[in-house]
Protein chains: 2
Amino acid sequence: MRELVKVFRALSDETRIRILKVLLERECCVCEIMQALDISQSRASRNLGILEGAGFVKSRREGLWMVYAIDEQAMNSYVAALIEVLRGSLVNEEIILWDRERLSRAVRVGPRAIRK
Amino acid sequence: MRELVKVFRALSDETRIRILKVLLERECCVCEIMQALDISQSRASRNLGILEGAGFVKSRREGLWMVYAIDEQAMNSYVAALIEVLRGSLVNEEIILWDRERLSRAVRVGPRAIRK
DNA sequence: AGACTATATGCACATTTTCGCATATAGTGT
DNA sequence: ACACTATATGCGAAAATGTGCATATAGTCT
């Protein structure tokens, strides 16, 4: 039960839904998420952590970067079904399209270089 | 997007998940929900309202009682898929079994008569 | 009408959540 | 070792959330 609540809670936030929609396009490091959603570094990192804790996302280190990706084999629980729901949702939502657009221009370079 | 967040937020609370699991058994008036979950009247009413606002539940008046039920024809959006996820979840969760047990003994009589 | 019932809701309060800022941590390369 | 980079995290403030209490609302019945 606690687990199920955690899973839904992870999805009950616009930032995290946007992150998942971006990760459904392709895996990203934190700085790419920052650029795609145009949000701060701590906000990106924290919300990625919440998604990981809920089982939607896995991470691996790649040099300096932490690469986050949808955890496809996390088919254990309800997570897989919810990812499918998300995959079919918000297909024409404006902000999602913008995020995707910015993602396509994002580069794997850190927050220091982005200078906000 | 706002709608989707509202839907997930409605599920991100243990009380509301318990209510939905009870309503998946059968439709209930507010006082039956109170008895099944052993919670206060305002808590039952408010959370039912949230579930209704998110589209999971519909209500009809039946004399003094408001009867709430899973909104089966709200199959328009993600709601249907999420209800299916819930239907298959928590099948052996202790608290859910308790709720069901208390539901089976619940009577359609108001909070006044229940005397807590 | 008035008495009674079931449900909704305003208010206050405690708890939780989200986020920015600054700093800590971890890895790279000299 | 040191300088530099990307990410994680402690802390504090603002906002949102969940709940109980009391009361309002809506319906029934005599």
Side-chain angles (χ1 to χ4, degrees), chain A residues 1-2 5-19 23 27-54 57-69 106-116, chain B residues 2 5-20 23 27-54 57-69 106-116:
Chain A
M1 167 64 100
R2 243 181 154 58
V5 171
K6 190 200 289 185
V7 163
F8 284 126
R9 188 164 291 274
L11 297 180
S12 70
D13 178 87
E14 175 167 332
T15 302
R16 290 192 288 272
I17 290 180
R18 289 169 65 197
I19 289 177
L23 290 179
E27 58 178 32
C28 292
C29 67
V30 178
C31 57
E32 289 171 320
I33 295 288
M34 292 176 60
Q35 295 170 73
L37 306 211
D38 193 29
I39 58 178
S40 74
Q41 186 267 323
S42 73
R43 188 169 165 187
S45 174
R46 248 183 253 273
N47 283 301
L48 281 164
I50 291 171
L51 288 172
E52 185 170 31
V57 151
K58 65 186 173 188
S59 63
R60 69 172 192 277
R61 185 168 275 283
E62 203 163 286
L64 279 176
W65 291 273
M66 289 295 291
V67 180
Y68 285 86
V107 286
R108 188 170 288 193
V109 72
R112 204 76 53 130
I114 296 172
R115 315 197 149 277
K116 308 219 60 164
Chain B
R2 247 182 150 58
V5 171
K6 190 199 289 184
V7 163
F8 284 127
R9 188 164 290 275
L11 297 180
S12 71
D13 178 87
E14 175 167 331
T15 301
R16 291 192 288 271
I17 290 180
R18 288 169 64 198
I19 290 177
L20 285 177
L23 290 179
E27 58 178 32
C28 292
C29 68
V30 178
C31 56
E32 289 171 320
I33 295 289
M34 291 176 61
Q35 295 170 75
L37 306 212
D38 191 30
I39 59 177
S40 74
Q41 185 268 323
S42 73
R43 186 171 166 188
S45 174
R46 247 182 253 274
N47 283 302
L48 281 163
I50 290 171
L51 288 172
E52 186 170 29
V57 151
K58 64 187 174 188
S59 64
R60 68 172 192 277
R61 185 170 275 283
E62 203 164 286
L64 278 176
W65 292 273
M66 289 295 292
V67 180
Y68 286 85
V107 286
R108 186 169 288 194
V109 72
R112 204 78 52 131
I114 297 173
R115 314 197 151 276
K116 310 218 61 163

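In the text below, chain A, chain B and the rest are named by the order of the sequence lines, each starting its count at 1.
Separating the CG atom of Leu64(B) from the C1' atom of dA3(C) is a distance of 13 Å, rounded to the nearest angstrom. Rounded to whole Å, atom C1' of dT17(D) lies 13 Å from atom CZ of Arg43(B). Rounded to an integer number of Å, the gap from CE of Met66(B) to P of dT25(D) is 17 Å.
Using modelled atom types, no side-chain atom of Gln41(B) and backbone atom of Met34(B) make a donor-acceptor pair closer than 3.5 Å. Side-chain atoms of Ser45(B) never come within 3.5 Å of backbone atoms of Ser42(B) as a donor-acceptor pair (strictly under, hydrogens ignored). A distance-only check finds a donor-acceptor pair linking the side chain of Arg18(A) to the backbone of Leu37(A) [under 3.5 Å].
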message: Please evaluate residues Arg108(B) and Glu62(B) with respect to the criterion side chain to side chain contact (heavy atoms under 4.5 Å, CB included), reporting the C-alpha separation (whole Å), side-chain torsions for both, the decisive distance (0.1 Å), and the verdict.
response: CA-CA 11 Å; Arg108(B) 186 169 288 194; Glu62(B) 203 164 286; 2.9 Å; yes
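Taking side-chain N and O atoms only, Asn47(A) has a distance below 4.0 Å to OP1 or OP2 of dC19(C). Within the 4.0 Å cut-off from OP1 or OP2 of dC19(C), not a single side-chain nitrogen or oxygen of Ser40(A) is found. The side chain of Tyr68(B) contributes an N or O atom lying less than 4.0 Å from OP1 or OP2 of dA8(C). Close to dT7(C), at under 4.0 Å from its OP1 or OP2, lies no side-chain N or O of Arg61(B). A sub-4.0 Å separation between OP1 or OP2 of dA6(D) and a side-chain N or O of Arg108(A) is absent. Checking the phosphate oxygens (OP1, OP2) of dT17(C), a side-chain nitrogen or oxygen of Arg9(A) falls inside 4.0 Å.
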Below 3.5 Å is the cut-off: list the nitrogen or oxygen pairs between protein and nucleotides 9-11 of chain D, distance only.
residue, atom, partner, partner atom, Å
dG10(D), O6, Arg46(A), NH2, 2.2

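Residue Cys29(A) is the one, among Cys29(A) and Ile50(B), whose nearest nucleotide of DNA chain D lies closer to the 5' end (criterion: closest heavy atom).
The heavy-atom pair separating Arg16(A) from Arg9(A) by the smallest distance is NH2-O, 3.2 Å. Of all the heavy atoms in Ala10(A) and Leu51(A), the pair that sits closest is O-CD2, 4.1 Å.
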